[in-house]
Amino acid sequence: DAKTTQPTSMDCAEGRAANLPCNHSTISGNEYVYWYRQIHSQGPQYIIHGLKNNETNEMASLIITEDRKSSTLILPHATLRDTAVYYCIVRVEGGGADGLTFGKGTHLIIQP
Amino acid sequence: DTAVSQTPKYLVTQMGNDKSIKCEQNLGHDTMYWYKQDSKKFLKIMFSYNNKELIINETVPNRFSPKSPDKAHLNLHINSLELGDSAVYFCASSQDWGVAGYTFGSGTRLTVV
């Protein structure tokens with residue numbers, strides 16, 4: 001799986017959009033970009049994934065650059081409950097039995 | 001109506017003991033997993049299992065063994081517990097080997113004293 005690079009931590013004001021970047025310059029053509037988050041003391045939670053088109057669901061939007069070497073997860077109106085560690089994972093869909101590989105992620109802190 | 005449930009939520013035990021953590025999923029998923037999150041917060045896969053295949057992460061000591069009585073359950077047995085086994089253990093499930101469809105349990109915090 002391609003490696004990803006994320007900032008260690010970020011702050012965002014409550015009610016503002018939180019933009020979380022991820023670099024994945026070695027991504028392969030058949031690899032998807034996935035985002036999960038882990039709220040303190042809970043298990044990781046799936047947020048969104050995409051291949052090359054931008055994606056949106058009820059939780060977030062995912063913007064993937066045209067060259068697919070980086071992406072941004074957008075939480076449009078951050079709330080205090082969005083404080084969590086956010087993981088960007090690059091993987092082929094259906095991925096195989098060796099599971100998800102979690103990096104260090106970005107600790108997003110939403111400030112009141 | 002929890003999708004992936006683990007018990008117990010907390011487990012404190014002495015070195016050398018044998019313990020089990022139970023996991024059940026009601027999602028009808030084919031594949032279940034165990035992950036370990038250590039004190040540095042890194043999440044690492046330990047086992048992947050469906051009704052056909054068990055994949056073991058080669059770094060996992062053989063004191064750890066998964067047991068699956070049926071498709072909805074994957075329990076984790078740990079023999080001769082060591083201090084370094086202290087961590088949070090997460091169970092997860094997915095349809096086939098899918099990535100987007102991972103659902104995690106809320107974790108079991110194991111403390112070995």
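Order of the sequence lines sets the chain letters (A, B, ...), proteins ahead of strands, with each chain counted from 1.
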Could you pull out the closest heavy-atom pair between G103(A) and F42(B), with the gap in Å? O-CD2, 4.3 Å
Selection from G105(A), G43(A), P44(A) maximising heavy-atom pairs under 4.5 Å formed with chain B: P44(A)
Chain A contacts: which residues in residues 14-24 of chain B have a non-hydrogen atom closer than 4.5 Å to it? none
Listed by number, the residues in residues 105-113 of chain B that come under 4.5 Å of chain A (heavy atom to heavy atom) are G105(B), S106(B)
Would you say Q45(A) and F104(B) make side-chain contact, with heavy atoms under 4.5 Å? no
Applying a strict under-4.5 Å side-chain criterion to I, L, V, M, F, W and Y, I'd like to know whether [X] and [Y] cluster together.
X       : Y       : value
I74(A)  : W35(A)  : no
V88(B)  : Y102(B) : yes
L83(B)  : V60(B)  : yes
F102(A) : V4(B)   : no
M10(A)  : Y86(A)  : yes

Does any backbone or side-chain atom of Y87(A) lie under 4.5 Å from a heavy atom of chain B? Answer side chain, backbone, both or neither. side chain
Which portion of Q37(B) sits near chain A, non-hydrogen atoms under 4.5 angstrom: side chain
Between atom NZ of K104(A) and atom NZ of K40(B), what is the distance when rounded to the nearest 0.5 Å? 9.0 Å
Main-chain N/O of L100(A) paired with Y35(B) side-chain donor or acceptor, under 3.5 Å: yes
Residue [X] excluded, over 12 heavy atoms near [atom1] under 6.0 Å:
X      : atom1 : value
K67(B) : NZ    : yes
N62(B) : CG    : no
R16(A) : CZ    : no

